[in-house]
Amino acid sequence: MEENTYYNRRNSKDEIRYVGRWESEYPKRLLTISNPPAGIYVKGRLPEEDRLTVGMVGARMCSEYGRSAAREFAGALASAGVQIISGMAKGIDGISQREAIAAGGSTFGVLGCGLDVIYPVQNREIFEKICERGGLISEFSPDTPPIARNFPIRNRIISGLSDILLVIEAGEKSGTGITVTRALEQGKDIYALPGRIYDSLSAGCNRLICQGAGIALSPSEFMKNLEVRYEKLLEKSKINGKFDENKHCVLRTGRNKKNINMLEKKEKVVYSGLDLYPKDLENIALETGMNISEILEILIKLELKGYIREEGKNHYIRF
Amino acid sequence: MFSSVSSGTLFGMSVYPVQVEADMSDGMPMFELVGYLAGEVKEARERVRTALRNSGYRLPPKRITVNLSPADRRKKGTSFDLPIAVALLKAMEALPDHCTDGMMITGELSLSGHVKGVRGVLAMVMEAKRNGFRRCIVPMQNVREGSVVQGIEVYGVCSLAQTAALLKGNEFPVIQEIPEEEPENEGKDVRYDFADIRGQKVLKRALEIAVSGNHNILLIGPPGAGKSMAAGCLPGILPCLTKEERMEVTKIYSIAGMLSGTGLVTARPFISPHHSVSAQALAGNGASPGLVSLAHRGVLFLDELPEFNRAALEIMRQPLEEKEIRISRVNGNYVYPADFMLAAAMNPCKCGYYPDLSRCRCSDTQIGAYLSRISRPLLDRIDICVEASRIRMKELKSQKREETSEKVQQRVEAVRNLQRERLKESNIFCNGAMGQKDIARYCILGKSEERLMESAYDRLGLTVRAYHKILRVSRTIADMDGEERIREKHLCEAIGYREIAGIF
């Protein structure tokens, strides 16, 4: 097989095992979908049947808004003991899973290639860590390269393994849309993160909300909704007991609000003009009326203090 | 009878003397040219024969041999026509024997006997002076560039007949002094004025800093943001050439044959090649300097940087580092000066709209592929990297008077003078040229500035190279503020112009 730079790093094949549909270990959730795979390759564990699973999906090219929302939701859910299912792709998938691992939760990656193939390479560290508390799942045999047509196919497993699908950021037409369609066919609950109507990356989410999807306003709100419907599963999930709603479910953007008092007056002016969407230097100058050297000084100081970040050359966002 | 005349031929940036020897003896009538000659030199035979006849001289039916010595070096160009004709006239005894002593002659002949301009006259006259010649005869078309050299008499001639008359009389007329001071910045290629550009404060500021310190600059922005237009303003804000610089630039343009009858070049060159340019055209060859040398002491502007041929871009590594370009060809090794400021413009991705995700249609693999067309070593040599954003309607409609290029240029001039004064001992003249040692010497930071750079180094993940770039640029910004010490605000601004890892 020809080596390709995008996936030439390989996982070891040692721990990969095959679980057939006839075996008791085969996930029950998959048995109920219309075309379950005949068997799946597994590395690490499989999702526990009596714990709640949430599928987190979204765009690969995501904005900082999607990125920080994915982090907040994944972190809160994972701390609450919810199992996170995702596709290990770049963008929202990888961010959610990385955060879930960091929060000490369990997360499961459903791949569109063989389990020994690391794709995309940017997520290599997730591949290395995920099996400690979660696992990797694929219906494709080891050595299968990441071919584009396999990825939509595996989406039905992502939705199939999830009790709820949470869509973070998605364009009107996207791969995420396929997962949502599968989830609807399988009768899963869909939640979407609301966004601004002008953002093409939020268009898909807003459309879902318009069509009746649940609105993921904040992690705590989302958790409350889950408690109503999935009381039992959630109760089981909480057995590790370390979940603290006040600690994990408060929006982190709120946390920064306190800190703004620490800033100098001019810093405040510049900071308050920024949000989670990249804003360019020229625009900031136009709005604040300060000259470029003055603004750059403030921006760099804010960046060094960790308030903002440069996203693309001379585009700044809150951090 | 044997005769000999001194001339010279171009070899890269230098001229080496050539002795044109002619001999007429009895034998089968023929006219032979020897001396490792290129095609155009061999063809001189026909031009010289006809030009002589049309000037009233008839070649005698003798065995005529002309040799260009040293005979083992390749002779190129058309500048041997006139010296060959003069050597023949001497051999025919139509001219007195010692009339060409201490004299260097160059020029092309037309069939009618007129003398046409040639390339590299300035270099030739300089070489003549170095070798102790007292006089030069050059084509009238090139007399202004030749007269730039002091301490040697330069005569312009229009025709072979005039040359012969001049040499026969052996009475050389007193040369009219050509006014030494040429008008400043004549022939400046000013496409746009800063006053024509609405808004774009960031771009203007960055360009002013770049020009003030001679820093290489990269402009990134969506299509239609006005990157090219802003770069088109550069000629208008570049400082005037100093006397020595004029000499250098004029010499290059003279060798490239790009002086159209003018004397010294007074405006800084602004070279903006199309992106289909080849590596050879950029580098130059044995016959003429390339674009990097034509941009010497000026600006080389590369619009749509990623569209350039990779090999062409890599060519610039050496000149950017060593300020000259060395070319090795079959006929020898050539060194051309190439000390230019690089300005480049590019889109952030293929469609041009990244990081505006609602408009950008590229996947991040595509963005990566687009950016990877520019090599790391080239980026390492760029000090300032800045984003140009789309102009807003509000600014477009604004009636506010924008600052003119002239005003900016005056400021730039002042800052350059400041730098020249400070850097005199290091033998450089602008902050952009500071090496590691110079940075340690001239960019001394106070305690709080030191702390700022430390935290920037850690937090922003700077490399050592980026660290030095920031110091260089902040030195220029401090100079623009008229401050001897680099302050926090200068450092911060310089940090804002660094190229960031997220992009590359």
Side-chain angles (χ1 to χ4, degrees), chain A residues 5-6 59-67 89-91 120-122 148 169 171-172 175 195-203 277-287 289-306 309-317 319, chain B residues 199-206 208-209 218-222 225 348-349 354-367 385-392 394-395 452 454-456 458-460 477 480-481 487-504:
Chain A
T5 50
Y6 291 113
R60 276 170 300 185
M61 281 286 280
C62 55
S63 71
E64 183 60 26
Y65 170 64
R67 219 170 284 156
K90 284 180 225 171
V121 284
Q122 286 93 328
E169 241 184 357
E172 195 92 61
R196 298 200 295 204
I197 57 171
Y198 300 114
D199 284 327
S200 59
L201 270 174
S202 288
Y277 298 87
K279 193 177 241 183
D280 60 66
L281 189 53
E282 188 75 36
N283 214 351
I284 302 170
L286 203 65
E287 281 171 15
M290 295 184 227
N291 67 31
I292 302 298
S293 39
E294 207 174 354
I295 294 173
L296 268 177
E297 182 184 359
I298 295 167
L299 285 173
I300 298 300
K301 284 194 171 156
L302 282 172
E303 193 177 357
L304 291 179
K305 285 182 196 164
R309 214 163 59 108
E310 194 172 2
E311 170 98 349
K313 187 61 214 163
N314 290 144
H315 282 69
Y316 297 88
I317 51 172
F319 188 45
Chain B
Q200 297 292 23
K201 283 199 230 164
V202 183
L203 263 190
K204 286 180 181 175
R205 171 81 181 163
E208 187 181 336
I209 297 171
L218 175 63
L219 312 173
I220 302 176
C349 65
Y354 184 82
D356 183 354
L357 290 181
S358 56
R359 303 181 74 180
C360 179
R361 292 259 146 261
C362 304
S363 73
D364 57 349
T365 332
Q366 279 174 315
I367 295 176
C385 174
V386 81
E387 163 85 20
S389 38
R390 250 160 44 94
I391 186 160
R392 274 138 203 105
K394 198 171 139 198
E395 288 171 293
L452 178 89
E454 260 166 46
S455 83
D458 293 338
R459 255 206 107 90
L460 307 177
I477 298 173
M480 289 166 76
D481 259 4
R487 311 250 170 221
E488 276 187 32
K489 59 177 177 183
H490 306 137
L491 286 171
C492 280
E493 191 173 358
I495 293 172
Y497 297 130
R498 78 195 187 282
E499 43 123 324
I500 61 162
I503 281 248
F504 292 110

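Throughout, a chain's letter reflects where its sequence line sits, starting with A, and its residues are numbered from 1.
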Worksheet item: In terms of heavy-atom pairs under 4.5 Å, which option from A/I298, A/I292, A/L201, A/L286 contacts chain B the most?
Response: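 Counting heavy-atom pairs under 4.5 Å, the top option is A/I292.
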Worksheet item: Nearest 0.5 Å, what's the CD1-CZ distance between A/I317 and A/R309?
Response: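 One finds 4.5 Å between CD1 of A/I317 and CZ of A/R309.
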Discussion item. At a heavy-atom distance under 4.5 Å, which candidate from B/L491, B/V202, B/L460 has the highest pair count against chain A?
Written reply: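 Answer, by heavy-atom pair count under 4.5 Å with chain A: B/V202.
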So what's closer than 4.5 Å to chain B heavy atoms on [X]: side chain, backbone, both or neither?
{"X": "A/E303", "result": "both"}
{"X": "A/L281", "result": "both"}
{"X": "A/N291", "result": "neither"}

Practice prompt. Answer yes if the side chains of A/E169 and A/S63 hold a donor-acceptor pair under 3.5 Å, and no otherwise.
Written response: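 Checked: A/E169/A/S63 side chains pair up, N/O donor to acceptor below 3.5 Å.
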Practice prompt. Sort B/I209 into side chain, backbone, both or neither according to what part of it lies under 4.5 angstrom from a heavy atom of chain A.
Written response: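 No part of B/I209 comes within 4.5 Å of chain A.
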Is the shortest side-chain N to carboxylate O distance from [X] to [Y] below 4.0 Å?
{"X": "A/R67", "Y": "A/E64", "answer": "yes"}
{"X": "B/D481", "Y": "B/K489", "answer": "yes"}
{"X": "B/K204", "Y": "B/E208", "answer": "no"}

